[in-house]
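Below is one structure; the comments refer to it alone.
Quick note on labels: first sequence line is chain A, next is B, and so on, each numbered from 1.
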2 protein chains.
Amino acid sequence: MNSSRPVTIKDIARRFRCSPSTVSRALNDHPAINEDTRKNIQEYAREVGYQRNEVSLSLLNKKTATLGVVVPTIGNYYETAVIEGLHTILQPLGYTLNICVTNENYLLEKEYLSKLLSNRTEGIFLSVSQETYDAGYYEHLESVIQRKTPLIFIDREYEDFETSRATVDDYHGAFAAVEHLLTIGYKNIAHLKGPNGLTVSEQRFKGYRDCLKKYDIPIKEELIINTNFKVESAIVPTKRLLDLDSPPDAIFGVNDQVAIGAMRVILDRGLKIPGDVGIIGFDNSPISAYTYPSLTTVHRPGRKIGMEASRLFLNQLNGSGDFVHENIVLPTELIIRESSLRIS
Amino acid sequence: MNSSRPVTIKDIARRFRCSPSTVSRALNDHPAINEDTRKNIQEYAREVGYQRNEVSLSLLNKKTATLGVVVPTIGNYYETAVIEGLHTILQPLGYTLNICVTNENYLLEKEYLSKLLSNRTEGIFLSVSQETYDAGYYEHLESVIQRKTPLIFIDREYEDFETSRATVDDYHGAFAAVEHLLTIGYKNIAHLKGPNGLTVSEQRFKGYRDCLKKYDIPIKEELIINTNFKVESAIVPTKRLLDLDSPPDAIFGVNDQVAIGAMRVILDRGLKIPGDVGIIGFDNSPISAYTYPSLTTVHRPGRKIGMEASRLFLNQLNGSGDFVHENIVLPTELIIRESSLRIS
DNA sequence: AAAATTTTTTCAAACGTTTGCATTCGATAT
DNA sequence: ATATCGAATGCAAACGTTTGAAAAAATTTT
């Protein structure tokens, strides 16, 4: 059986009765190589499908041109937008992105980070998993820091750690959303909150809370119900909201998915959107413009976050020794559509 | 400035005035190492944060434990489901997935494949880009074949190439969808088609066409309009359909996104779904159950595809020399919801 | 034709790890 | 006291490539 071991420089050298160095130089168009030798070797290499073993080069140069992207999930529009942004900047520079999905699992996250370091990844973009965040774990990050591998946080904050960070201004996005509802005449605004503990959830919740405070509206516990970001998780909570003695006249969902789930329940009850209940989401996912009614939402610039995060990485890389830690916070944008339109 | 070069086995050896071999054996719990030596070395290694350089091991063992996943996009639910499936099987086996997004671009696909080979990736899962497919390119695959790197096609067929393949039975899925519409009483069924040339588009179109044929219904050119899988791309085509002299009483969308876009246009015209127009999509994306009205669709088992593809890869890997090429086609499932419910 | 110069090629080391085989060092048996 | 044995450690090669310095070969100059 033909073992089909990849052709190496040594193989080519044997074939031409020359040294590996000559072959290497010929393949790399080194000037100190005879024109004929070069041509012959290059031609032969192409013929036999020689492909340089990057693994050996990585070992030699201590450069792998690989970056890790560690995220809790890739199911949602936002994450893929971030990855696209990273890709846009980093792919042309020759970097390969190694995308690792932790499923919100601490152990998996830890394993991935360790693996990325072992593989001599040159930088890591990390959105910590919920489990990690909840438990306040951070030891697995120590080794990344210790190794001085550039570490960029995307999206989720991690207070105790000083690294660069690119996040969206969830707080003001939420604030603007609720303020919009208030100024348009809604008075009793509920919030379908994200999982406790996550920065994204908490920031948006804070925006909701502080906006109500600003307008001297009491915060009612029964109007704040948790979800897990998924459509399904909005169903029961929304029903509970509608069954209240004084049901909300508007709902602010922690993301578009949840808002869409809520809309469904409301329409099923024969209520009108935005007539009876106003709805607002978060993310500005592509579908949000085409639901019925279309969904007012807060645009979250995922692609830009990816591009900014890339920039932060490159800064660290070219930075002089000690990293300059930057903290980029991108603004959101309120996108007003049908689900919140009501003449005040 | 502290250069913070990663600690190597040699560093540790120097510290203990012993040879690298001893350190290596100590770290790997080799039996022929003195208990004290072992303990001391292991402790010290932990202290200084030693992490074994997998790059050097990869070179030595010619094993990288890395697999490439080359897909045109990761924006949609289906692709992420496939990746999740791959992940489910392969992550526990120690494989790292290197996800590469080609954006339907041939050159990028070619570059990625070449890079993956150079990096000595042990297997490649490929869903060819539209450009590649359109142009019928295949040379970039030759080197993969030549190297005998296991290559598994996911989702998109590539006739001339014999490799293993895991796809969904789009044809029969589409057929069932249209048949459902017909048996429920719809007569004038339009199709919002996917981009020309893509297997997915063409197979679903064929299913549509053949089903109509089976029921002796003439195929009308004006009822078949192209889209690009995205919500927005359904808007204008749907308007055109509704403006026809004899507008369709049902629309079969090539995917859920397109179907949702169509629904939006129809509802905007004051028409009832499913009363005036029945709608059916494809994919069974999470959102499809919660649109208003909920969307009848064809379930596409992305996760299963990923798992099957993994199985095919493992078979090739353990297979004896010459690969056994398998061709897995998974069935779809019709999910009947509101958008097609009409008493016949 | 020898010396000087230029062109072309080879040598050897390095990257970090593992591993078969050889070596060293005590200790035990003769 | 010496041979024998076992345990512990070291040596050296290997993986594939690059690269500065040295060597060899070819060319030009004297």
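D:dT17 atom C1' lies 11 Å from atom CG of A:L27, rounded to whole Å. If you take CZ of B:R14 and P of D:dG10, they are 14 Å apart, rounded to a whole angstrom. Between the CD1 atom of B:I12 and the C1' atom of D:dG10 there is a distance of 17 Å, rounded to whole Å. In this entry the distance linking CD1 of A:I41 with P of C:dT8 reads 13 Å, nearest Å. Taking atom CD1 of residue B:I33 and atom C1' of nucleotide C:dT24, one finds them 14 Å apart after rounding to whole Å. Straight-line distance from the CD1 atom of A:I9 to the C1' atom of D:dT19: 12 Å, rounded to whole Å. Atom CD of B:E35 is separated from atom C1' of D:dA8 by 13 Å (rounded to the nearest Å). Atom P of nucleotide C:dT18 and atom CG of B:D29 are separated by 12 Å, given to the nearest angstrom.
Side chain B:R120 to base D:dG16: no donor-acceptor pair is found below 3.5 Å. The base of D:dG20 sits within donor-acceptor range of the side chain of A:R25, with an N or O pair under 3.5 Å. Donor-acceptor pairing under 3.5 Å, judged by distance alone, is present between the side chain of B:S21 and the base of D:dC11.
B:F16 comes within 4.0 angstrom of no nucleic acid atom, judged by non-hydrogen atoms across all strands. Base contact: A:T22 has a heavy atom under 4.0 Å from a base atom. Nucleic acid contact for A:R17: sugar-phosphate only, since backbone atoms but no base atoms lie under 4.0 Å from a heavy atom of the residue.
Taking the side chain as every heavy atom from C-beta outward, A:E308 and A:I154 never approach each other to under 4.5 Å.
No salt bridge links B:R165 with B:D155; every basic N to acidic carboxylate O contact stays at or beyond 4.0 Å.
For the helix from C:dA1-D:dT30 to C:dT30-D:dA1, the rotation axes defined at the first and last 5 base pairs enclose an angle of 80°, given to the nearest 10°.
Without hydrogens or angle criteria, B:D11 side chain to B:V7 main chain gives no donor-acceptor distance under 3.5 Å. A:R120 contributes a side-chain N or O that, together with a main-chain N or O of A:L117, makes up a donor-acceptor pair within less than 3.5 Å.
Between the side chains of A:S21 and A:S24, no donor-acceptor pair is found at a separation under 3.5 Å. Using a 3.5 Å distance cut-off with no hydrogens or angles, the side chains of A:Q42 and A:R38 do pair a donor with an acceptor. A:S164 and A:E326 share no donor-acceptor pair across their side chains, judged by distance under 3.5 Å alone. If you check the side chains of B:T88 and B:R303, you find a donor sitting under 3.5 Å from an acceptor.
Checking the phosphate oxygens (OP1, OP2) of C:dT17, no side-chain nitrogen or oxygen of B:N53 falls inside 4.0 Å. For D:dT9, the OP1/OP2 oxygens have a side-chain nitrogen or oxygen of B:T37 closer than 4.0 Å. An OP1 or OP2 oxygen of C:dA14 is reached within less than 4.0 angstrom by no side-chain nitrogen or oxygen of B:K10. Applying the 4.0 Å criterion to OP1 and OP2 of D:dG10, one finds that B:S19 has a side-chain N or O inside that range. Distances shorter than 4.0 Å separate some side-chain N or O of A:S24 from OP1 or OP2 on D:dT18.
If you check residues 54-64 of chain B against DNA chain D, the residues with a heavy atom closer than 4.0 Å are B:L59, B:L60, B:K62, listed by number.
Between B:H87 and A:Y112, the ring planes are tilted. Angles from 30° to 60° get that label.
Within the structure, the ring pair (Phe, Tyr, Trp, His ring centres under 6.0 Å) test picks out the following pairs touching residues 30-66 of chain A (sequence neighbours left out): A:F16-A:Y44.
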